[in-house]
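Source: prediction; values computed, not measured.
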Amino acid sequence: MFSIDQNSHSLWDALPKLHALHAAGRGVRHVLEDIDVAFTALGAKVDEPNLHIAPEQFHAAGGQDWGAALFYNDFLGRLPVEIRRWEPMLGATIAAVARQLNQSPEELYRQYAVGDNRMLIGSSYLGDKEHHRIIGDLAVAQVAPFVRQIISLAEEDCLRCFPADESRRRTRDWFAAEKQRVERLLDACAEKPLPELYCLWMSEHLPAGGASMDQAGRLFALGGSPDRDAMLKLFLRDYDLAAGLYNQAVRETDVGVHELDVKHGEAPFFAFGLWQNHRARCELRIQNGAMVLAGETFAAPEGRIPVEALRKAGVTGLAGKAVVLALQVRLPPGGAPLALPHGGSVYMPACHRFVALLREHNLLPAESAPVVRVRFRLLDRLRRLQTPICLPAHLTDAFGREEIPARVLGENWAGVAAEAKQRLADFRDPARRAAWQEAALPKQMQALAELQREKRRQAEENPKNPRSRELWKQIKEVQNDILAQTLGRVSLDWQAAQLEFYDSRGAILPWSAALGGEAFYHDVIGRAEIREETT
C-alpha cells in the first residue's frame, strides 16, 4: 500500500495515518513527496531569497501564498478561502461588496481569505519562470530555522488551546522531547535534503516495520516501472481525447483543479531533474505528438518516451500532477492501494471521474487498485474527555462561549457544522437571505424600512427637498451595516461548516497528547476506521 505526503513529520496527519495502518496490520510504503513544488508566494521574483513563515492565504489578484514543504495548522484554525466563492451567498460580487463597504478587494481578502495554517513560503522560480524549486532541493541547513519556528508555533498553539494545568504540562513535556529529537536530527542531516530529515523523523516515531520509506523522485524516475508511464503514453498517442476526458472530469466535479489549456498543449504532467545545480521541475506540454519542456522539444514517435534524450537534457523523471498521479501509483503491475486520510486530497472526485471516463473509452490498461481512507473521528472521540478547550475566535459564536469541555465540542460540532451549511445554502436564495436579515438584524431592517418610507414620502411631496440627500446617506449607512453583518455571518458559517476537516487532519499526535495523554492517542489510533473508497 502507498502513502504519499509532503509535510511528513509529527505535526501532521501522515504519521498517525501510518500508525493506524500498522496497527491494522497493513503494510505501507510511505513516499515522501520530494518532487512537489516547495512553495509559492504571490508576486515573488525569480531567484528571490525570501523564505519565511506566513499564513496560507488567497489574494484578490488571484492565486495564493502556499507551501507544501513545511507547515502547521492551528487546532480548529480557520481554513483559507477564495472569498469569491461567497458571491452567491452575498448576492453580489466581492468587488461590489468592497465598493459598498468603502474598502478595497485587497482589504477584504486580508480580513477574510487568510487561514491559520502557517507555512514556509517563498519564490519557487529558479533561473526563469519555467522552472520551479521542488522540496527535494531544500537543504536541511537552509530550512532548519523554519523547522524550529514551526515547532515553537505549534507548541504555542497547543498551550493556548488546551489551558488546563495538566494539559499544559503534557504539552510542554511532549514538545521538550520533540525539540530534543529534532535538534539531533537537524545536526545529523544538515547537509542533506529536507526529505531525508523527514524520513528519519517519521521513522523514529514508528515501530519496527511500521512503514518503509521511499521518495517520489525514485518512484517516477525515467525508465522505471511501465505502469508509471501508461497515462503519459496515452496523452502522447491521443492528446485531444485524453485531455478532453481530463477536462470533462475536472469540469463535472468542480474540485478547484483548473482545466488544461488544450490550445497550447498543456498536459497534467511535469518533468523533474537538475537545472542550474538545483533540483527543479517544469511543466510538460504536448504538441504534434512531441513533448515540450521549457521550450525544448523532444520527439516521441508512436507515444514512446525518449528516455535517453531526456536524460541528456538533465531530466531524471516524469510524473503526473495530483489527479493523474493518484491513478498512476494504483495501476498494475507495480501499483498498489493508495492510503489517504478522511477528507484529504480534495481533488479525488476528479480522479475517480477521470478513471470512469477512461474505462468508458476502454483506455485503462488494467483495473486500478483502490483508494483506502483512514478516518480517526478525532472530534467525536473527544466525547469521553472533560479537558477544557479554548476555542478560536471564529467558533465562539457557534458554541456560545470561549472555553468548553472537550466533551461538549465532541457532542455538538456536527450539529454546529450542519447548521452553518444549511444557512450558507439558504443564503444562496435572495428571499431566504432577506428572511435571515429580518430575523437576525431587526433594528437595522426596521430602520432601513422607515428611512425608505420617508424617502418615498418626501419624493412625492417635494422631490427637491434638501433632506433627501441626508436620507440617502442614512439609507446607505444602514445598508452597509446590513451587508457587513451578512458578510461576517457568511465568514463565520463558512469556517464552522468546515469543522469536519479536523475529523482526521492536522497535528493529531500532539493535540491528542495535550487533550488526554498517550492513552488517548493510542485509543484514537486503535479505533481508526480503514475502508476502501467507493466511487
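- Using a 4.5 Å heavy-atom cutoff, the side chains of Val292 and Ile286 are not in contact.
- Asp157 CG to Asp74 CG: the interatomic distance, rounded to the nearest 0.5 Å, is 4.0 Å.
- Of the options Val143, Leu186, Leu153, a side-chain contact (heavy atoms from CB on, under 4.5 Å) to Arg148 is made by Leu186 and by none of the others.
- Under the 4.5 Å side-chain criterion, counting only non-hydrogen atoms from C-beta, Phe272 is in contact with Thr316.
- For residues 346-375, the set of pairs meeting the ring pair (Phe, Tyr, Trp, His ring centres under 6.0 Å) definition, not counting sequence neighbours, comprises Tyr246-Phe354.
- In this structure the side chain of Arg330 never reaches within 4.5 angstrom of the side chain of Pro370, judged on heavy atoms.
- Every residue two or more places apart in sequence or in another chain was checked for a salt bridge (charged side-chain N to carboxylate O under 4.0 Å, His left out) with Glu106, and none qualifies.
- Asp13 CG to Leu340 CG: the interatomic distance, rounded to the nearest 0.5 Å, is 10.5 Å.
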Legend entry - Phe501 vs Leu76, side-chain contact (heavy atoms from CB on, under 4.5 Å): CA-CA, chis, key distance, verdict: CA-CA 9 Å; Phe501 176 87; Leu76 305 181; over 6 Å; no
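- Side-chain contact, Glu56 with Gln64: a donor N or O sits under 3.5 Å from an acceptor N or O.
- Looking at Leu79 and Asn117, their side chains never come closer than 4.5 Å, going by heavy atoms from C-beta outward.
- Residues Met1 and Val372 approach most closely at CE-CG2, 4.0 Å, considering heavy atoms.
- None of Arg375, Arg505, Arg377 except one satisfies the salt bridge (Lys or Arg N to Asp or Glu O under 4.0 Å) rule with Glu500; the exception is Arg375.
- The distance from atom CG of Leu32 to atom CD of Glu196, rounded to the nearest 0.5 Å, is 8.5 Å.
- Smallest separation of non-hydrogen atoms from Gly320 and Gln328: N-OE1, 2.9 Å.
- Among residue pairs with one or both ends in residues 38-50, none qualify as side chain to side chain donor-acceptor pair (under 3.5 Å); sequence neighbours excluded.
- For Glu308, the side chain to side chain donor-acceptor pair (under 3.5 Å) criterion is met by Arg311, not counting sequence neighbours.
- For residues 120-136, every residue pair satisfying the salt bridge (charged side-chain N to carboxylate O under 4.0 Å, His left out) rule, not counting sequence neighbours, is listed here: Arg133-Asp137.
- In this structure, CZ in Arg353 is found 10.5 Å from CZ in Arg251, a value given to the nearest 0.5 Å.
- In this structure, the salt bridge (charged side-chain N to carboxylate O under 4.0 Å, His left out) partners of Glu82, at least two apart in sequence or on a different chain, are Arg84.
- Annotation for Ala507 and Tyr72: closest pair CB-CE1, 3.6 Å, computed over non-hydrogen atoms.
- Side-chain contact check for Val147 versus Ile150: every heavy-atom pair is 4.5 Å or farther apart.
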Inset, instruction - Would you sort out whether His59 and Asp65 count as a side-chain contact (heavy atoms from CB on, under 4.5 Å), showing the intermediate values? - result: CA-CA 8 Å; His59 293 277; Asp65 293 340; 3.1 Å; yes
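- Separation of atoms CZ (Arg78) and CG (Asn73) is listed at 10.5 Å; rounding is to 0.5 Å.
- Within the 3.5 Å criterion, the main-chain N or O of Met348 finds no donor-acceptor partner in the side chain of Ser345.
- Applying the salt bridge (charged side-chain N to carboxylate O under 4.0 Å, His left out) test to every pair with at least one member in residues 267-281, sequence neighbours left out, gives these pairs: Asp34-Arg279, Asp36-Arg281.
- Arg285 places a side-chain N or O within 3.5 Å of a backbone atom of His264 that can act as its donor or acceptor partner.
- In terms of the ring-ring contact (aromatic ring centres under 6.0 Å, His included) criterion, Phe146 has no residue partners (sequence neighbours excluded).
- For Arg181, the side chain to side chain contact (heavy atoms under 4.5 Å, CB included) test picks out Glu178, Arg184, Leu185, Trp201, Glu204, His205, with sequence neighbours left out.
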Inset, instruction - Could you go through the salt bridge (charged side-chain N to carboxylate O under 4.0 Å, His left out) check for Glu529 and Arg373 one step at a time? - result: CA-CA 8 Å; Glu529 301 167 6; Arg373 293 285 183 177; over 6 Å; no
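- Val28 is not listed as a side-chain neighbour of Phe2, based on a closest heavy-atom distance of 4.5 Å or more.
- Aromatic rings of Phe235 and Phe269 (six-membered ring for Trp) have centroids within the 6.0 Å cut-off, being under it.
- In this model, a donor atom of one side chain and an acceptor atom of the other lie less than 3.5 Å apart for Gln248 and Glu252.
- Using a distance-only test at 3.5 Å, with no hydrogens or angles considered, a donor-acceptor pair links the side chain of Tyr502 to the main chain of Gly77.
- The shortest distance between side-chain heavy atoms of Ile305 and Lys233 falls below 4.5 Å.
- Looking only at distances, no side-chain donor or acceptor of Asp5 sits under 3.5 Å from a matching main-chain atom of Ser8.
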Legend entry - Residue pair Val262, Glu266: steps toward the side-chain contact (heavy atoms from CB on, under 4.5 Å) verdict: CA-CA 6 Å; Val262 177; Glu266 183 181 7; over 6 Å; no
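- Side-chain contact between Phe39 and Trp66 is absent, with no heavy-atom pair separated by less than 4.5 Å.
- Remark: Glu302 pairs with Arg304 by the side chain to side chain donor-acceptor pair (under 3.5 Å) rule, at least two apart or across chains.
- Note that CZ of Phe71 and CD1 of Ile53 are 11.5 Å apart. Values are rounded to the nearest 0.5 Å.
- His30 and Ser212 share no side-chain donor-acceptor pair at under 3.5 Å.
- Nearest heavy atoms, Ala369 versus Pro337: CB-N, 3.5 Å.
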Legend entry - side-chain contact (heavy atoms from CB on, under 4.5 Å) evaluation trace for Ile83 with Val490: CA-CA 10 Å; Ile83 61 174; Val490 169; over 6 Å; no
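- Of all non-hydrogen atoms in Ala497 and Ala420, the two that sit nearest each other are N-CB, 3.8 Å.
- Of all non-hydrogen atoms in Ile135 and Ala38, the two that sit nearest each other are CG1-CA, 3.7 Å.
- Phe270 has its ring centre no less than 6.0 Å from the ring centre of His132.
- The residue from Trp12, Phe376, Phe75 that alone fulfils the ring pair (Phe, Tyr, Trp, His ring centres under 6.0 Å) condition with Trp511 is Phe75.
- Note on residues 16-33: pairs passing salt bridge (charged side-chain N to carboxylate O under 4.0 Å, His left out), not counting sequence neighbours, are Arg29-Asp214.
- Side-chain atoms of Glu107 come within 3.5 Å of backbone N or O of Ser104 as a donor-acceptor pair.
- For residues 275-317, the ring pair (Phe, Tyr, Trp, His ring centres under 6.0 Å) pairs, not counting sequence neighbours, are His131-Trp275.
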